[in-house]
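Values reported hereafter were calculated over all heavy atoms of this structure, with side chains retained and with hydrogens, waters and symmetry mates removed. Order of the sequence lines fixes the chain letters, A, B, ..., with proteins taken first and strands second; residue numbering starts at 1 for each chain.
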Amino acid sequence: MSATALHAADTSARLTATALSYRYPDGTQALDDVGLAVAPGEIVAVLGPSGAGKSTLMRCLAGLHSPTSGTVWHDGTDLARLRGVARRRALARCGLVFQEFELVGPATALSNVLIGRLVHQPPVVSLLHLVRRADREIAVGALLRVGLEPQLRKRADTLSGGQRQRVAIARALAQQPDVLLADEPVANLDPRTAAAVVDQVVALAREENLATVLNLHDTGLATRIADRIVGLRAGRLAFDKPVAEVDAALLAELYAGEEQ
Amino acid sequence: MSAPAPPRPDDRVSALSAITRPRWTAVLGVVAGIALLVLCANASRLSVATVVAGLPNIADFVGRMFPPDLSVLGTAVVLMGETLAMAVTGTVIGVVIAVPTALLASRTVFPERWLHYPVRTLVNVVRAIPELMLALLFVSAVGLGALAGTLAITIATAAGMARLFADVFESADRRAWDATAATGASRAQRITWVLLPENLPTLASYTLLVLDSNVRAASLLGLVGAGGIGIELTTRLRLFEYQQVLTIVLVVLVVVLALDRLGALIRRRLV
Ligand SMILES: Nc1ncnc2c1ncn2[C@@H]1O[C@H](COP(=O)(O)OP(=O)(O)OP(=O)(O)O)[C@@H](O)[C@H]1O
Ligand SMILES: [Mg+2]
């Protein structure tokens with residue numbers, strides 16, 4: 001399958017990766033010729049054994065890693081080519097939710113969510129923690145949507161794991177992104193809380209019509225919430241199918257050789 | 001060439017768990033270290049016999065300090081006030097200089113080598129100058145008195161704290177910093193929204209510790225005429241007024257201990 005063909009065919013996609021390869025400075029080839037396209041409102045789950053390159057794929061899609069070769073297109077722009085303010089504006093359009101320890105512990109939930117609005121603030125005034133009223137309202141609104149009104153002014157490090165992850169989701173929402181990427185957002189939560197948090201992410205993503213890529217360990221959860229499943233194995237695309245076509249045999253093959 | 005048979009798991013386990021012999025360079029290093037220590041002890045005239053023989057002298061010296069002569073109490077208290085003022089002013093201004101300097105010196109905040117390298121070098125050079133030397137320098141610049149001492153404490157604190165804070169920033173948790181970078185926030189925004197809030201308790205705690213040590217330093221700077229209670233202390237010592245010396249020492253002791261308690265109290269509320 002030619003990567004450029006994939007790009008040309010999928011003009012409706014909001015997030016497109018073509019012939020994406022990534023090699024770490026130490027020589028590890030983490031991604032090898034991966035193609036992927038995600039349309040607005042579409043929920044894609046990435047599955048694959050440990051070390052398959054799922055986190056690397058997320059970081060490339062988010063623009064945090066510049067691909068060694070290939071391109072990530074976000075609505076027709078290539079993040080790797082942008083610098084300075086243009087790059088920061090583009091980064092803001094991509095909401096990220098990673099594992100739970102990414103909040104500023106001593107800061108309040110609200111302050112953490114306001115971080116999602118910083119890119120839109122006048123550069124000097126915002127250093128004093130002064131944020132425009134309209135932006136504060138966006139941040140508070142995001143916290144209300146994830147159900148954290150009582151925790152608004154609590155320190156992030158006093159919240160439970162599930163609440164903390166909701167703060168991270170609210171921060172991503174406050175960015176008013178059009179792409180949402182989540183790398184094992186619930187890995188440290190108990191199964192019930194995990195399912196609730198993922199359901200909330202999915203519901204919000206659908207409401208906001210976000211192109212969403214989730215990387216989940218729980219295959220049951222992934223097949224329940226996703227529209228499409230992307231299988232990754234040793235840095236290569238193993239399959240990319242609508243969830244209805246993904247069966248136990250396919251998953252067994254994907255994870256073959258990995259002891260659980 | 002025939003491929004060797006794959007080793008049995010047992011062999012691999014025993015090979016991997018074999019104790020690694022210390023390398024001869026490591027052995028040599030330890031021996032050299034011990035030799036150096038012995039040489040140092042010799043050079044510093046370390047001798048238990050002399051210490052034991054000297055004990056009665058110490059007892060005699062301490063004995064002559066009693067009872068304390070309270071006639072100098074007023075002067076001592078006033079001078080201790082000056083000493084405290086020097087320490088507090090020097091610490092506050094020093095820390096205010098240290099924070100931005102430490103940020104510039106942190107490899108993780110400013111990975112640009114042309115920026116952090118010269119700042120780091122400057123900090124290390126200044127840090128190498130003893131406080132008394134700085135005080136002498138400022139006495140010759142601005143004359144005798146508390147100003148010289150305050151400047152010395154300011155510069156020493158700025159350099160010492162800059163080094164310490166830079167290490168704090170470099171070893172700080174990067175996850176919130178990276179996540180914030182991914183929202184498009186600028187580096188300056190990440191400093192005031194993430195790095196400083198996360199490390200404020202640590203910075204404040206170090207500041208209290210250094211205030212403590214600055215009070216002790218300020219008590220000595222009088223030796224070179226840089227203000228504070230030290231001048232009174234040396235004068236009384238030279239005149240063999242040991243009972244007055246005791247009063248002065250007690251005033252210093254009370255203030256240092258009180259400050260220590262206060263610092264511990266504040267630190268407990270910070271962390
Ligand atoms: N910073 C790094 N430097 C060098 N190699 C790395 C780095 N990060 C990851 N790798 C390597 O890249 C490959 C892909 O790693 P990645 O973290 O993307 O896997 P993953 O699919 O997310 O695994 P997991 O499910 O365990 O999180 C692995 O072989 C890993 O060892
Ligand atoms: Mg991972």
Enquirer: Select, from B:Leu200, B:Val194, B:Leu196, the one with the greatest count of heavy-atom pairs under 4.5 Å involving chain A.
Expert: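 Ranked by contacts with chain A, first place is B:Val194.
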Enquirer: Is it true that, when you exclude A:Glu207 itself, more than 12 heavy atoms of the residues, nucleotides or ligands shown sit nearer than 6.0 Å to its CD?
Expert: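 Atom CD in A:Glu207 is crowded, with more than 12 foreign heavy atoms closer than 6.0 Å.
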Enquirer: Quick one: which of A:Ala172, A:Ser111, A:Gly116 has the most heavy-atom pairs under 4.5 Å with chain B, could you say?
Expert: A:Ser111
Enquirer: What residues of residues 85-96 of chain A sit under 4.5 Å from chain B when you count only heavy atoms?
Expert: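 The list, in residue order, reads A:Arg88, A:Leu91, A:Ala92, A:Cys94, A:Leu96.
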Enquirer: Between A:Gln175 and B:Thr183, does the side-chain hydrogen bond (donor to acceptor under 3.5 Å, both in side chains) criterion hold? Intermediate values first, please.
Expert: CA-CA 7 Å; A:Gln175 288 171 237; B:Thr183 70; 5.2 Å; no
Enquirer: Measure distances from A:Leu127 to the heavy atoms of chain B and classify the residue's part below 4.5 Å as side chain, backbone, both or neither.
Expert: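 Both backbone and side chain of A:Leu127 come within 4.5 Å of chain B.
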Enquirer: Should the heavy atoms of other residues, nucleotides or ligands under 6.0 Å from OH of A:Tyr22 be counted, would the total exceed 12?
Expert: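 Yes, because the 6.0 Å sphere around OH of A:Tyr22 holds more than 12 heavy atoms from other groups.
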Enquirer: Considering only heavy atoms and a distance below 4.5 Å, find which of A:Ile115, A:Val119, A:Leu118, A:Leu114 pairs most often with chain B.
Expert: A:Leu118
Enquirer: Hey, could you give me each pair passing ring-ring contact (aromatic ring centres under 6.0 Å, His included) that has a residue in residues 94-137 of chain B? Not counting sequence neighbours.
Expert: none
Enquirer: Could you tell me which portion of A:Val131 (side chain, backbone, both or neither) has an atom closer than 4.5 angstrom to a non-hydrogen atom of chain B?
Expert: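 For A:Val131, the contact with chain B is made by the side chain alone.
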Enquirer: Determine which pairs satisfy salt bridge (Lys or Arg N to Asp or Glu O under 4.0 Å) with at least one residue from residues 182-199 of chain B, sequence neighbours left out, and list them in order.
Expert: B:Glu112-B:Arg187
Enquirer: Strictly by salt bridge (Lys or Arg N to Asp or Glu O under 4.0 Å), give each pair with a member in residues 157-168 of chain B just once, sequence neighbours left out.
Expert: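 Every salt bridge (Lys or Arg N to Asp or Glu O under 4.0 Å) pair that includes a residue of residues 157-168 of chain B, provided the two are not neighbours, is B:Arg163-B:Asp167.
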Enquirer: What heavy-atom pair brings B:Pro197 and A:Val104 nearest, and what distance separates the two atoms?
Expert: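 Minimum heavy-atom separation between B:Pro197 and A:Val104: CB-CG1, 4.1 Å.
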Enquirer: Quick check against the 3.5 Å criterion: does B:Trp193 have a side-chain atom that pairs as donor or acceptor with the backbone of A:Ser126?
Expert: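 Yes.
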Enquirer: Once rounded to the nearest 0.5 Å, what's the spacing between atom CD of A:Glu102 and atom CZ of B:Arg174?
Expert: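 The distance works out to 14.5 Å.
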Enquirer: Looking at A:Ala174, A:Pro106, A:Pro123, which makes the most heavy-atom pairs under 4.5 Å with chain B?
Expert: A:Pro106
